[in-house]
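Just below is one structure, and these are the notes that go with it.
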Amino acid sequence: MPELPEVETTRRGLVPHLLDREVTGVVLRRSDLRWPVPREIETRLPGQRIDAVRRRAKYLLLDTASGSALMHLGMSGSLRVLPEGTPVRPHDHVDIALDDGRLLRFNDPRRFGSLLWQAPGTLHPLLAGLGPEPLSDGFDGDTLYRASRGRTAPIKSFLMDQAVVVGVGNIYAAEALFAAGISPLRAAGKVSRERFAVLAERVKAILAQAIERGGTTLRDFIHPDGAPGYFAQELSVYGRDGRPCPRCGCPLKSARIGQRATVWCPRCQH
Ligand SMILES: [Zn+2]
């Protein structure tokens, strides 16, 4: 599943191809993605210039004077920039044609992705109530400390709550807690301000490193046969249940927390 770093890498890969381009047409081969594609995608988007390519949480926004196309890659979605006339493959659901003879093509085998519309000056309901961006200055240890007081939920569930901070998925929550030495089972409300400062710093570092590593796959966005830009991570605990802790060698433990598989070191994390 694309996580925040993959979505940000996708955004950076798309910017040079989409910015200041005019949309000349939209082809919808299926209008039933996770949610129905609204009429505005076909009626308002063509003829508009793309003024910005933004990301909020795991949503990508193509801003125009007439409104914004709001895209989510879901479980299996990918976006590629291709020459006009590139043969359509299975699950190529949407083409957004550009004035330079290329097109932005959305492929999504499982159709959990979405393509929606945000009118100018409004906030789509899916973007309302979201917490701060983890890589922004608006997110730090104090943000987490204040939001966590009185919370009895495990810190891992708290960290993955989109109202607390966006885009910290299962992999990154497990890795950041390991890096900060905090047990994923600990009640969020029992974590000190000092430990939250370390945790916030680790979250930022791990996400930034993943985005940087993703940069090497950018060429795939213009390669017709290129795989989407998901990239292998160097992981310390995620998916390593029962294997030795990379820090102390003690076998890693696992449990389900909030229905999500979680792995941690019982010696290094407390
Ligand atoms: Zn350990």
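Remember, it's 1-based here, ligands and their atoms both numbered in the order they're listed. Computed from a prediction, not measured in an experiment: that's the story for all the values here.
A salt bridge links Glu133 with Arg56; the closest basic N to acidic carboxylate O contact falls under 4.0 Å. Here Asp32 pairs with Arg111 in a salt bridge; the nearest charged N to carboxylate O distance falls below 4.0 Å. Under 4.0 Å is where a charged nitrogen must lie from a carboxylate oxygen, and between Glu8 and Arg55 at least one such pair does. Ion pair Arg49/Asp51 flagged as a salt bridge, since at least one NZ, NE, NH1 or NH2 atom sits closer than 4.0 Å to an Asp/Glu carboxylate oxygen. The pair Asp161-Arg151 counts as a salt bridge, with a side-chain nitrogen and a carboxylate oxygen less than 4.0 angstrom apart.
Only protein N, O or S atoms were scored, and 4 of them lie under 2.8 Å from the Zn ion (ligand 1).
Using a 30° and 60° split on the angle between ring planes, Phe158 and Phe196 fall in the tilted class, from 30° to 60°.
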